[in-house]
Amino acid sequence: MSLDPKIAARLKRNPDGLIPAIAQQYDTGEVLMLAWMNDEALHRTLTTGRATYWSRSRAELWVKGDTSGHVQHVKSVALDCDGDTLLVKVDQEGAACHTGERTCFDADRLDIVLS
């Protein structure tokens with residue numbers, strides 16, 4: 001099976017055939033991580049209920065939590081108005097970040113300096 005052609009036609013992929021996917025905790029709105037999906041990763045995410053991404057460093061699909069145990073159970077997936085970003089609402093078990101943190105966006109907050 002492959003990605004529904006109606007969905008595939010709406011996607012605006014980068015030159016590598018990927019689309020960014022933002023993972024967000026479904027009940028709190030907490031932004032957990034950014035990853036990448038290709039058509040197969042999106043298809044698997046939509047048909048299995050488990051967040052599946054494309055690893056650019058390993059050049060392979062990976063199901064979030066298969067090795068770490070930090071599973072993302074998908075509650076919904078939405079495509080933005082331009083067709084170039086996915087919002088994946090999940091129920092995150094454990095850490096979302098590879099560093100062991102709950103979210104990838106906690107560690108390095110930048111100061112806002114208004115001039």
Side-chain angles (χ1 to χ4, degrees):
M1 302 295 297
S2 60
L3 186 61
D4 181 329
K6 292 177 189 172
I7 297 171
R10 295 177 59 201
L11 300 178
K12 292 182 184 168
R13 302 161 194 82
N14 73 9
D16 296 320
L18 303 175
I19 186 167
I22 301 165
Q24 180 182 40
Q25 179 63 35
Y26 83 101
D27 54 353
T28 66
E30 177 182 31
V31 177
L32 300 170
M33 58 182 269
L34 170 80
W36 295 88
M37 289 186 177
N38 61 11
D39 286 17
E40 181 64 22
L42 179 55
H43 170 71
R44 290 185 188 191
T45 296
L46 293 171
T47 59
T48 67
R50 293 274 311 278
T52 303
Y53 302 106
W54 178 258
S55 171
R56 295 178 301 162
S57 61
R58 294 188 311 264
E60 65 184 16
L61 292 169
W62 58 280
V63 179
K64 183 69 173 166
D66 271 2
T67 56
S68 68
H70 300 163
V71 176
Q72 290 180 343
H73 300 282
V74 177
K75 299 294 187 178
S76 68
V77 179
L79 184 60
D80 80 339
C81 60
D82 295 322
D84 63 3
T85 305
L86 295 163
L87 178 61
V88 184
K89 292 190 178 186
V90 302
D91 190 10
Q92 177 70 48
E93 289 183 16
C97 189
H98 71 280
T99 64
E101 297 295 324
R102 169 79 179 158
T103 171
C104 294
F105 296 99
D106 276 349
D108 199 14
R109 295 184 188 243
L110 305 176
D111 292 332
I112 298 173
V113 180
L114 301 175
S115 48

Could you tell me whether the side chain of [X] and the main chain of [Y] form a donor-acceptor pair under 3.5 Å?
X: T45; Y: T52; result: yes
X: R50; Y: K64; result: yes
X: Q24; Y: G29; result: yes
X: D80; Y: T85; result: yes
X: H70; Y: A95; result: yes
X: R102; Y: G94; result: yes

Under a 4.5 Å side-chain heavy-atom rule over Ile, Leu, Val, Met, Phe, Trp and Tyr, are [X] and [Y] clustered together?
X: L3; Y: L79; result: yes
X: F105; Y: I22; result: yes
X: L34; Y: V31; result: yes
X: V77; Y: W62; result: yes
X: Y26; Y: V71; result: no

Compare all side-chain heavy atoms of [X] with those of [Y] and state whether any distance is below 4.5 angstrom.
X: K75; Y: D27; value: no
X: V88; Y: Q72; value: no
X: D16; Y: W36; value: no

Any chance you could measure [X], atom [atom1], to [Y], atom [atom2], to the nearest 0.5 Å?
X: D39; Y: I7; atom1: CG; atom2: CD1; result: 10.0 Å
X: N38; Y: Y53; atom1: CG; atom2: OH; result: 13.0 Å
X: E40; Y: L61; atom1: CD; atom2: CG; result: 6.0 Å

I19/L42 under side chain to side chain contact (heavy atoms under 4.5 Å, CB included): CA gap, chis, key distance, verdict: CA-CA 9 Å; I19 186 167; L42 179 55; 5.7 Å; no
Pair D4-L46, side chain to side chain contact (heavy atoms under 4.5 Å, CB included): steps then yes or no: CA-CA 10 Å; D4 181 329; L46 293 171; over 6 Å; no
Minimum-distance pair of heavy atoms, taken over all atoms of H43 and S2: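 Distance-wise, the nearest heavy atoms are ND1-O, 3.3 Å.
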Heavy-atom pair with the smallest gap, counting every atom of L18 and W54: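 Closest approach of L18 to W54: CD2-CD1, 3.6 Å.
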Member of E30, Q25, Q92 meeting the side-chain contact (heavy atoms from CB on, under 4.5 Å) criterion with T103: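 Passing option: E30.
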Evaluation steps, side chain to side chain contact (heavy atoms under 4.5 Å, CB included), between M33 and H98: CA-CA 10 Å; M33 58 182 269; H98 71 280; over 6 Å; no
Pair T48-V74, side chain to side chain contact (heavy atoms under 4.5 Å, CB included): steps then yes or no: CA-CA 9 Å; T48 67; V74 177; over 6 Å; no
